[in-house]
Student: 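Just dropping this structure here.
Source: prediction; values computed, not measured.
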Amino acid sequence: AYDVLVFDEAHELEARAIGKFEKSVSYDPVSRIAKRLEALGESVCARNLTLQGMGFFNRLDAILNGRDRTLLANADKGPALLANAAEFRIALRTAWRRLKDESKLLEGRDAKLLETAARKAYDYAEVLKTLPESLGQDQPLHVHVAETQRIGAKLTQTPFRVAGLFKDRLFGNPEQLTVICLSATLSMHKQAGVQWMTGPDGELVQVAEPLFKEFRQRVGLAECREFQCPSPFDYQRQCAVYLPRVPGQSGTRDKPNPYGNPNTAEWRGWAKDETKRLVDLSHGRALVLTTSAKACKDMGEHLGKFCHWPVRFQGEGLDNARLVEWFKATPNAVLVGTASFWAGISVEGEALSLVVIDRVPFDSHEDPLFKARDEWYKARGKSSWVDLNLWPAITKLRQGMGRLIRTKSDTGVVAILDPRLLTKPAYKPILRALPDCPQVRDLDDPRLARLLGVEGGVQPLSLAHG
């Protein structure tokens, strides 16, 4: 038992919990359970488990219909799938009881092997038990996703929300356990807002909104003490955010400017060229963060071909730890990364003076859990913009920006190439959530050269080649 529980990097708490509670079932481990039953002389039970398992996973394959994965939500083949699932679950429960009974007759390693197989059969049956939630229930506790594997379909059960779990098991008893949640990016606001509420006598009263409202909603934290620690860094002096103007006119609804949309080929080409210009200005010493593996590869190959600085990118061979070691040890290096490179990397001093972010890091709208949550909002006539898009994007964006200023003596520039920050009103909260530092529009602004340490045409430390 603990008196105090501390969560560092608490902005990841919901995602980590969802991953922890996620469960999957596929045919291959089920077939191994059947083989154990066969070895015990339970051939009828083994054959039934195999037959029901094949029927269920063949049905999943039919629903997938060649897709890599799909969310199981009000599927047309739902009734047939549920019928298969019910029979399969009965077979798994029967297998669980037989294995559990047999394990009690054995000792040592043999007993543990059967206990493990029994526990897996039970867990798989529980995944199937919750499947009806995804196929029509109004407020599901779980989301179910069918995925294609090399050896057949897989069913994965993911919690729809974990707020209730945290509220019941973690935050519901403050007298017994003190919980401290720490992170530099818990809030999307720089200070608490206010809201108007009706008082006991009908009067309007101003009440402060929680600083960490979005985080608290996600983890079921109703009552707590909030504290926002001031930053130890002087962002006005140490850093600037570069928000470049894209080519072309502002465009109209009928004929929008293609450079104003980061999903167009025109913008992607411009973003690679603009990153190259920035990297040349900073003499390398740059971390480029992208929002997809494909963008990472494209950017890395472009910079490697057209830059004079040493360039490496995530996914080309070296693991992440070695890439970071290479970056720290190589003068004027450029490192292009995605996913895990947005957080957890600390490079102090002149080795890193520029962070380039290609676009606002929204969660993928193709993610099954995102789709399920978005559908839940739509069914109630509500907007999911803040909860599903804005808060996660601001959190990740601030994590990415945090790679630059690691000490009080660091200086540098963060470039964000997403034109929507300047053109879309819905993106204004993202700009307001950035650190209080100068925002620069032009590449020849002298503040950029000063913060990058290249005033007066300072020559680079070394060249990659040539």
Side-chain angles (χ1 to χ4, degrees), residues 9-19 69 71 73 139-140 143 145 158-163 183-190 193 195 209-221 241 243 246 256 260-264 267-268 271 289-296 338-343 357-402 414 416-435:
E9 304 293 355
H11 61 277
E12 298 180 354
L13 191 55
E14 183 195 32
R16 293 291 182 94
I18 285 173
R69 63 180 180 176
L71 177 71
Q139 177 142 3
V143 171
V145 178
T158 301
F160 184 73
R161 295 281 189 191
V162 292
S183 173
T185 54
L186 275 188
S187 175
M188 58 181 274
H189 314 283
K190 291 175 183 172
Q195 58 183 334
E209 287 186 326
L211 255 176
F212 309 125
K213 179 174 65 174
E214 293 78 17
F215 167 75
R216 289 171 59 175
Q217 288 173 345
R218 285 171 169 259
V219 299
L221 185 50
V241 174
L243 301 168
V246 296
N261 181 355
N263 295 311
T264 64
W267 177 86
R268 288 191 291 270
L289 298 173
T290 67
T291 54
S292 71
K294 184 180 185 306
C296 178
T338 187
S340 57
F341 276 29
W342 284 75
I357 294 172
D358 65 344
R359 54 193 292 171
V360 176
F362 293 114
D363 288 343
S364 170
H365 289 198
E366 296 303 311
D367 178 74
L369 184 56
F370 181 98
K371 283 185 174 181
R373 289 177 169 180
D374 191 46
E375 287 298 324
W376 185 88
Y377 277 95
K378 287 178 180 176
R380 287 152 183 78
K382 297 181 178 180
S383 171
S384 64
W385 172 245
V386 172
D387 185 28
L388 300 189
N389 293 281
L390 206 54
W391 187 81
I394 288 174
T395 300
K396 191 171 182 181
L397 184 62
R398 290 171 67 182
Q399 285 287 324
M401 290 185 66
V414 175
I416 308 175
L417 307 185
D418 196 325
R420 296 170 296 183
L421 287 172
L422 300 175
T423 60
K424 302 289 186 182
Y427 285 62
K428 286 184 178 179
I430 300 175
L431 282 179
R432 288 197 297 266
L434 300 182

Student: Identify the two heavy atoms, one from S183 and one from A10, that lie closest to each other, and give their separation to 0.1 Å.
Tutor: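 Shortest heavy-atom separation between S183 and A10 comes out as CB-N, 3.7 Å.
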Student: Output yes when a side-chain donor or acceptor of W267 lies under 3.5 Å from a complementary backbone atom of D418, and no otherwise.
Tutor: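 It does not hold such a pair.
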Student: Under 6.0 Å between ring centres: does that hold for Y377 and W385?
Tutor: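 No.
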Student: Does R420 reach the main-chain N or O of N261 with its side chain, forming a donor-acceptor pair under 3.5 Å?
Tutor: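 No, the answer is negative, given that no donor and acceptor are paired below the 3.5 Å cut-off.
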Student: Under a 4.0 Å threshold between the charged nitrogen and the carboxylate oxygen, would D387 count as salt-bridged to R218?
Tutor: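 D387 and R218: salt-bridged.
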Student: Measuring from atom CG of L221 to atom NZ of K213, what distance do you get when rounded to the nearest 0.5 angstrom?
Tutor: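 Result: 14.5 Å between the selected atoms.
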Student: Applying side-chain contact (heavy atoms from CB on, under 4.5 Å), run through E214 and L390 and close with a yes or a no.
Tutor: CA-CA 10 Å; E214 293 78 17; L390 206 54; over 6 Å; no
Student: Work out which heavy atom in P368 is nearest to a heavy atom in V143; give both atom names and the distance.
Tutor: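 Looking at all heavy atoms of both residues, the shortest contact is O-CG1, 4.4 Å.
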Student: So which atom in H365 and which in K371 form the shortest heavy-atom distance, rounded to 0.1 Å?
Tutor: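 Answer, listing the atom of H365 first, then K371: O-CG, 3.4 Å.
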Student: Among L289, L397, D358, which one satisfies side-chain contact (heavy atoms from CB on, under 4.5 Å) with I416?
Tutor: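 When side-chain contact (heavy atoms from CB on, under 4.5 Å) is applied between I416 and each of L289, L397, D358, only L397 qualifies.
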Student: Among Q399, E12, R398, which residue meets the side chain to side chain donor-acceptor pair (under 3.5 Å) test with T185?
Tutor: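 Of the listed options, the one satisfying the test is Q399.
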Student: Got a second to check how far R373's CZ is from K378's NZ, nearest 0.5 Å?
Tutor: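 The CZ atom of R373 sits 15.5 Å away from the NZ atom of K378.
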Student: Are T291 and F362 side-chain neighbours, meaning at least one heavy-atom pair lies under 4.5 Å?
Tutor: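 Of all side-chain heavy-atom pairs linking F362 with T291, none is under 4.5 Å.
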Student: Using every non-hydrogen atom in the two residues, find where S187 and F212 come nearest and quote the distance to one decimal.
Tutor: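 So the minimum-distance heavy-atom pair works out to CB-CD2, 3.4 Å.
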Student: Flag the pair I357 / W342 as yes when at least one side-chain heavy-atom distance between them is below 4.5 Å, and no otherwise.
Tutor: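 Yes, at least one pair of side-chain atoms sits under 4.5 Å.
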Student: Please find the pair of heavy atoms, one from A393 and one from V360, that lie closest to each other, and give the distance.
Tutor: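 Minimum heavy-atom contact is CB-CG1, 3.8 Å.
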Student: What distance separates R216 CZ from L186 CG, expressed to the nearest 0.5 Å?
Tutor: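 The CG atom of L186 is 11.0 Å from CZ of R216, to the nearest 0.5 Å.
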Student: Is there a side-chain contact between V414 and L434 in this structure, where contact means two heavy atoms from C-beta onward sitting under 4.5 Å apart?
Tutor: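 No, their side chains stay 4.5 Å or more apart.
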Student: Just how far is it from atom CG of L13 to atom NE2 of H11, taken to the nearest 0.5 Å?
Tutor: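 Spacing of CG (L13) from NE2 (H11) equals 10.5 Å.
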Student: Taking the side chain as everything from C-beta on, heavy atoms only, tell me whether R161 gets closer than 4.5 Å to E14.
Tutor: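 Side-chain contact under 4.5 Å: yes.
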Student: Do the side chains of L71 and F370 get nearer than 4.5 Å, heavy atoms only?
Tutor: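 Side chain of F370 against side chain of L71, heavy atoms only: no contact under 4.5 Å found.
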Student: Which heavy atom of S292 sits nearest a heavy atom of T338, and at what distance?
Tutor: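 That closest heavy-atom pairing would be N-OG1, 3.5 Å.
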Student: Any side-chain to backbone donor/acceptor pair from R359 onto P262? Under 3.5 Å, distance only.
Tutor: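 Checked: pair present.
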Student: State, yes or no, whether a side-chain contact exists between R69 and E366 at a heavy-atom distance under 4.5 Å.
Tutor: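 No, side chains not in contact.
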Student: Measure the CG-CG distance between D374 and L369 for me, rounded to the nearest 0.5 Å.
Tutor: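 Those atoms lie 11.0 Å apart.
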Student: Taking the side chain as every heavy atom from C-beta outward, state whether D363 and L388 have any pair of such atoms under 4.5 Å apart.
Tutor: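 Contact flag for D363/L388 side chains = no.
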